[in-house]
Colleague: 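Have a look at the structure that comes next, please.
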Amino acid sequence: MKRLPPVPGELIDRAQSFEFVFEGRRFLAHPGDTISSALLASGVRVLGRSFKYHRPRGVLSAAGHDVNALMQVQGPSYSVPNVRADIVAVEKGWRVTAVNTRGGLEHDRLRVLDRFAPFFPVGFYYKAFHGKRLFPFWERMFRHITGLGRIDLRAPRRATAKRYDFCDVLVVGAGPSGLTAALAAAERGAQVLLVDENAAAGGSGLYARGGEGAGAEEVHALLRSVRAEPRIRVLLNTYAAGYYADHWVALAAPECLIKVRARSVVIAQGAYELPAVFRGNDLPGVMLASAAQRLIYRYAVAPASRIAVLTANPEGYAAALDALAHGIEVAAVLDLRSDRGELSRHSAALLERAGVALHQGVTPIEAIGHSRGVAALLYRSAGGAQQRLPIDGLWMSVGFAPANALLHQAGTSMRYESAAEQFVPGELPAGVYACGKINGHYGLADRLADGNHAGAQAAFAAGRSGTAPAPAPQLGSECRTHAYPIFPHRGHKEFIDFDEDLQVCDIENACQEGFDSSELLKRFSTVGMGPSQGKHSNVNALRILARVRGEPVERVGTTTARPMYHPVPMAHLAGRGFTPERRTPVDAQHAALGAVFMPAGNWRRPEYYAIAGKSRAEAIAEEVRAVRTRAGLIDVGTLGKIEAHGPHAAEFLERLYTARFANLKTGMTRYGLMLDEAGVVVDDGVIARLAEGRFYFTTTTGNSATLFREFGRLAAWWNLPVGLVNLTGHMAAFNLAGPASRAILRGLTDLDLEHSAFPYLGVREAVVATVPCRIMRVGFVGELGYEIHAPASQGAHLWSALLEAGHRHGIRPFGVEAQRMLRLEKGHIIVGQDSDGVTNALELDMPWAIKMDKPFFVGQRSLRIIAKSARRQTLVGFKLPSESGARLRECNLIIADGRIAGRITSIGRSPTLGCHIGLALVEPAVAAGGELRIRTEQREEVTAGIVSLPFYDPHAERQKIEDTALLELAS
Amino acid sequence: MSVTNGATPRTVRLEDFSSRRRFGLKGPAAEAWLNERGFDVPPGANSARIGRDGVLVARLATSEFLIEDIGAAGESVQGAWRALESAHSPAGVYPVLRQDFVAGISGSGLPALLRQICNVDFDPVFEAHAAADGPVVLTSMAGVGVVAWPVRAADRCCITLWMDPSFAHYFQGTLSSIAQDIAR
């Protein structure tokens with residue numbers, strides 16, 4: 001292994017060099033070198049250890065799939081795990097270590113596991129974890145001996161941007177067929193985005209040369225044309241990680257994730273070269289021929305000094321010529337086929353002329369080596385004689401698997417093409433095209449013609465026009481892929497899957513254990529479930545499965561290639577998140593008053609207002625007492641606020657809510673309960689009639705956006721021409737509550753607030769503190785109260801005016817927690833807290849709110865059915881002394897006869913009543929029993945007495961009596 | 001060909017137009033009512049037009065409109081709103097209180113910014129609509145539902161966004177953060 005003299009087109013900058021450290025030793029690299037190429041250029045063949053058996057491993061693909069060459073890279077301040085040595089450019093000063101070793105790469109203590117391979121049968125994990133008793137033991141052991149890199153928690157958080165991009169035609173893959181497709185589309189006027197995962201475009205056209213063939217010149221000419229074409233943009237070092245509906249494609253670029261929307265897509269991703277499967281095929285120095293060619297032509301590295309080529313196609317002969325052209329001795333070309341075929345004859349003649357031994361009908365037996373790599377190949381000649389060939393490199397070129405994951409994700413139906421021994425697209429979805437090796441075309445001329453055809457078709461699909469392309473080429477007569485390059489050995493270690501250390505016997509045994517479908521085999525054996533996602537292993541595993549089942553490969557099917565089919569950095573996926581937070585118009589005032597905020601839906605709301613020297617509970621209790629004895633002001637601007645206009649508005653609300661609204665008088669409000677079709681309670685609110693055809697109503701905080709969309713859908717469904725307006729963020733809203741609330745409001749408005757003029761549940765439009773408002777007399781917290789709604793821009797002024805006017809009455813702002821306690825004392829439910837996703841309206845025991853005699857409301861039909869059955873649960877109130885109540889939490893279970901019979905939905909210490917009170921959903925039989933047995937988180941049992949609701953002011957006296965009486969009562 | 005992996009520093013200008021006078025209306029008779037009062041109503045849904053008095057009429061749907069005074073049009077917008085809000089508003093016309101947070105975004109970094117926050121391709125819109133008239137797009141930006149009005153004037157692209165005012169703090173903060181990244 002050595003650095004070659006300059007190679008035309010190499011990606012390294014020889015004018016500069018720098019040092020980096022690998023496993024404690026210093027090495028030189030040039031800018032552009034990958035970690036692997038720099039190490040190979042310095043004679044290092046062993047790059048990592050395998051996942052399970054800790055076997056030494058080296059380069060396999062040099063194409064981003066070398067899972068056994070994952071590195072932990074230590075930078076100046078933190079380290080990065082799982083860096084792919086075969087494609088990541090090394091940088092000056094990096095300190096690199098192989099992942100998954102104990103004691104370093106060379107002296108890995110866990111390499112002893114290789115000797116215990118027979119004790120790790122297929123499905124070992126499942127079998128080991130089957131019993132509960134030893135689960136922790138196995139878990140700890142597996143965590144210790146297997147794994148990838150270590151996450152460094154010192155790594156900084158980056159708000160990695162995601163971005164969208166758009167084009168007429170997206171071409172994935174900038175090899176010969178992709179370049180031609182891009183040009184064909186651009187020539188027809190399409191704006192083209194061409195992406196390639198490599199640092200340079202050209203694909204195999206630039207590294208699979210067959211010596212110094214003319215093909216590379218043709219590809220260079222294509223590249224020049226692409227550079228000159230202004231309609232083509234090129235993204236390099238970028239791979240398409242997933243295809244989604246409507247031609248959305250996720251691109252993983254070096255710095256971020258790009259979501260591309262294309263009018264049409266051309267998939268030209270080529271094919272993955274497949275390894276031959278024989279004993280010792282994983283030894284360092286044994287690699288895919290394409291890997292060796294990449295190392296030679298991209299990084300000017302000779303990966304061996306004396307090689308053999310194990311082949312079954314013309315590409316293997318071409319690789320041997322590439323080796324010769326760069327001074328690498330080719331000991332032999334060993335062809336698995338008995339007839340090398342027409343396409344290999346010219347290359348074979350050149351090789352023979354150079355003195356290379358060529359053998360047909362060869363069977364590999366074993367690659368022999370040591371901890372530093374391959375030293376010889378043992379094979380059987382066509383005549384049956386066993387031969388030993390001393391080498392330090394073995395290049396495999398026995399076939400390909402098309403890179404068709406994106407086509408699968410796009411919904412392409414595939415068919416197995418026996419002439420090519422690979423799956424090819426059967427029927428492509430509209431706007432999706434494929435070309436090149438994916439279609440089974442491996443000759444350069446065919447790939448170019450196929451790309452031209454696909455590019456033109458894609459341009460047409462994108463709405464562009466131009467000359468019709470030449471027809472797509474027919475499939476060539478010579479197959480590039482060996483039908484079964486698998487050679488089991490009684491000593492095993494013939495690896496199918498390099499990620500998971502799976503051998504031929506593992507796949508066979510899994511089939512024999514009954515996991516004999518492709519999806520079951522994958523999950524049981526874990527084939528294809530490692531970081532390379534089966535790119536080099538799935539096809540060979542399916543071949544074994546087909547042989548065990550005695551069926552052709554096409555009958556066993558393939559596994560699903562889900563997005564992301566190639567690993568994407570977590571930072572890309574996390575990216576910059578968009579989590580909108582809504583704030584009311586008085587958010588700044590809350591902060592100035594010492595609010596402690598909490599999220600409520602996507603709103604930020606004051607949980608309570610902190611008081612220096614007092615606890616949270618004390619502050620909340622003071623807020624409750626202020627509302628009960630003087631006055632409190634809470635920001636309820638987060639409620640959904642909706643208007644319904646038009647002559648059919650009342651009819652619309654009749655259908656939407658369980659209550660009746662056709663008879664609701666103008667100037668009055670009514671409570672509304674909203675159900676879904678199953679009769680489950682989904683929301684509640686107050687509906688106010690402002691005029692004959694004009695209603696204004698509220699929804700709960702978390703549901704407003706969803707419900708507004710649903711209202712629009714229902715109005716269209718019912719064909720009711722009702723004008724719906726969402727005012728949620730456009731209106732501020734405050735609840736002024738407490739015995740002094742009328743007196744406070746009276747100082748700010750000319751509206752007659754007397755009970756006779758503005759009764760309980762009335763609504764009025766009036767000016768308050770110079771602001772035009774809607775005022776509703778409601779009593780959610782159980783006191784005389786006014787819910788005041790005003791335009792958002794004047795909300796801050798109104799809030800300040802109310803607090804100022806209330807100052808002499810001892811007003812306090814109160815938060816969500818105090819409101820929860822106040823409404824609990826009053827026995828009012830909170831939908832979503834005191835109900836859940838299956839709680840129907842009958843179970844909440846609110847018959848007054850449900851008008852079953854109406855012609856229709858959503859959920860009515862279900863309620864009629866439910867009413868005929870025994871009730872499943874019911875809502876009850878309970879009370880208990882504070883010392884035991886303090887141990888209870890919401891969702892604590894109600895136990896009856898040793899089983900779960902319900903749960904607490906609300907619980908808290910009432911400052912007004914001086915004890916703990918709560919609501920619980922329980923079985924009716926338990927509700928009738930008079931007491932609840934509640935299990936705490938500490939598994940203790942607490943008994944609470946069931947009481948009638950509400951806990952406070954059962955006759956709603958506080959809504960009716962006059963100010964003075966109220967204040968007297970409060971005092 | 002242009003290789004787009006590189007990054008060029010760009011600027012983004014964010015202006016708050018929330019204080020402009022505006023209102024909305026909807027209903028089957030809304031278009032006729034606007035025409036009667038002399039507003040220049042665009043004929044198709046999802047389009048906008050600026051009248052001679054500097055009043056923008058954005059048609060958000062077949063019978064839903066947003067009216068905004070973007071050229072100091074005096075009392076016409078305010079007067080229309082008062083008439084609409086009065087107890088005798090005409091049948092089939094429903095007033096819509098619009099207290100929107102209105103953001104005007106411009107600058108050389110605008111296209112890059114839009115590509116980070118929205119999945120609509122605005123480039124063709126900017127190219128096709130050099131005048132102030134043009135489409136309005138109802139979409140989502142940075143997770144917030146917006147009405148977007150993209151225009152190009154004197155080769156300067158800008159976009160005006162209307163959104164629920166409760167998102168103002170979040171939206172401004174998010175955009176500022178992205179704009180800083182883009183400017184680097």
Side-chain angles (χ1 to χ4, degrees), chain A residues 159 161-166 193-194 226-238 248 253-256 258-259 261 576-585 587 602-604 637-638 643 645-647 691 693-694 705 721 723-732 772 791-794, chain B residues 1-7 18-19 24-30 61 63-64 85 87-89 91-101 111-124 140-145 163-171 173-174 177-178 180-182:
Chain A
K162 294 186 190 111
R163 67 179 172 89
Y164 297 93
D165 210 328
F166 309 90
L193 183 60
L194 175 61
V226 166
R227 286 192 197 100
E229 175 52 75
R231 294 192 189 94
I232 301 177
R233 287 184 294 146
V234 180
L235 288 176
L236 298 174
N237 292 311
T238 299
W248 278 108
E255 294 301 324
C256 69
I258 304 171
K259 302 175 190 176
R261 175 71 172 271
R576 170 184 272 122
F578 291 131
T579 310
E581 182 193 65
R582 307 178 75 171
R583 295 187 177 188
T584 70
D587 187 84
N602 57 355
W603 290 89
R604 170 170 123 133
T638 58
E643 280 183 343
H645 295 266
R694 191 177 187 194
L724 294 169
V725 178
N726 188 353
L727 294 175
T728 298
H730 298 267
M731 294 284 274
S793 59
Q794 296 171 77
Chain B
M1 182 181 87
S2 57
V3 175
T4 56
N5 279 3
S18 304
S19 60
L25 71 162
K26 64 194 301 186
S63 58
E64 183 172 358
E85 269 243 296
H88 305 292
S89 60
V93 184
Y94 313 134
V96 179
L97 178 71
R98 304 274 332 201
Q99 300 266 300
D100 299 65
F101 169 62
L113 176 86
L114 290 175
R115 289 193 170 200
Q116 285 202 30
I117 61 174
C118 185
N119 64 7
V120 173
D121 184 7
F122 283 99
D123 285 357
S140 169
M141 289 193 181
V144 177
M163 71 192 75
D164 187 297
S166 59
F167 290 108
H169 182 272
Y170 157 78
F171 197 79
T174 302
S177 165
I178 298 172
Q180 282 170 15
D181 284 354
I182 289 172

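The structure presented is a predicted model; accordingly, all values stated were derived computationally and were not measured. Here is the naming used below: chain letters follow the sequence lines, and residue numbers restart at 1 for every chain.
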Colleague: Does B:R115 form a side-chain contact (heavy atoms from CB on, under 4.5 Å) with A:F166? I'd like the steps, not just the answer.
Modeller: CA-CA 9 Å; B:R115 289 193 170 200; A:F166 309 90; 3.9 Å; yes
Colleague: Looking at chain B, which one of A:R261, A:K259, A:R576 has the largest number of heavy-atom pairs inside 4.5 Å, strictly under?
Modeller: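 So the answer, after comparing A:R261, A:K259, A:R576, is A:R576.
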Colleague: Can you say whether B:P95 sits under 4.5 Å from chain A via the side chain, the backbone, both, or neither, judging by heavy atoms?
Modeller: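 For B:P95, backbone and side chain are both near chain A.
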Colleague: Considering only heavy atoms from C-beta outward, does the side chain of B:T174 approach that of B:F167 to under 4.5 Å?
Modeller: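 Not in contact.
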Colleague: Considering only heavy atoms, which portion of B:S63 lies under 4.5 Å from any heavy atom of chain A: side chain, backbone, both, or neither?
Modeller: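 B:S63 has no heavy atom closer than 4.5 Å to chain A.
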Colleague: Can you tell which part of A:N726 gets under 4.5 Å to a heavy atom of chain B, answering side chain, backbone, both or neither?
Modeller: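 Neither part.
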Colleague: Just wondering, do A:E643 and B:Y94 contact through their side chains at under 4.5 Å, heavy atoms?
Modeller: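 B:Y94 vs A:E643: side chains apart.
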Colleague: To check you understand the geometry: which heavy-atom pair defines the closest contact between B:D100 and B:P165, and what is its length?
Modeller: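 The answer is CA-CD, 4.2 Å.
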Colleague: Quick one: what part of B:D181 sits under 4.5 Å from any heavy atom of chain A, side chain, backbone, both or neither?
Modeller: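 Looking at B:D181, just its side chain touches chain A.
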Colleague: Taking side chain as C-beta onward, heavy atoms only, is A:T584 less than 4.5 Å from A:R604?
Modeller: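 Contact flag for A:T584/A:R604 side chains = no.
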Colleague: Can you tell me which portion of A:R694 sits under 4.5 Å from chain B's heavy atoms? Options are side chain, backbone, both or neither.
Modeller: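 The answer is the side chain of A:R694.
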Colleague: Please classify the contact between B:D123 and chain A as side chain, backbone, both or neither, with a heavy-atom cut-off of under 4.5 Å.
Modeller: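 For B:D123, no heavy atom lies under 4.5 Å from chain A.
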Colleague: Shorter than 4.5 Å, heavy atoms on both sides: which option in B:L97, B:D121, B:V96, B:I117 has the most such pairs with chain A?
Modeller: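 The candidate making the most pairs under 4.5 Å is B:D121.
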Colleague: Under the 3.5 angstrom rule, does the side chain of B:D164 hit a backbone N or O of A:G729 as a donor-acceptor pair?
Modeller: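 The answer is yes, because a donor-acceptor pair under 3.5 Å joins these two groups.
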Colleague: So for A:S793, is it side chain, backbone, both, or neither that comes closer than 4.5 Å to the heavy atoms of chain B?
Modeller: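 For A:S793, the contact with chain B is made by backbone and side chain together.
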Colleague: Look at the aromatic rings of A:Y164 and A:W248 and report parallel, tilted or perpendicular, splitting at 30° and 60°.
Modeller: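 Ring orientation, 0 to 90° scale: perpendicular.
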Colleague: Who among B:V144, B:V120, B:L114 has the most heavy-atom pairs with chain A under 4.5 Å?
Modeller: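 Among B:V144, B:V120, B:L114, the one with the most close pairs to chain A is B:V120.
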Colleague: Between A:T728 and A:R582, is any pair of side-chain heavy atoms under 4.5 Å apart?
Modeller: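 A side-chain contact under 4.5 Å exists here.
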Colleague: Let me know if A:T638 has heavy atoms under 4.5 Å from chain B in its side chain, its backbone, both or neither.
Modeller: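 Contact with chain B involves no heavy atom of A:T638 at all.
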Colleague: Do you know which of B:K26, B:M163, B:E64 has the most heavy-atom pairs with chain A at a distance under 4.5 angstrom?
Modeller: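 The residue among B:K26, B:M163, B:E64 with the greatest pair count is B:K26.
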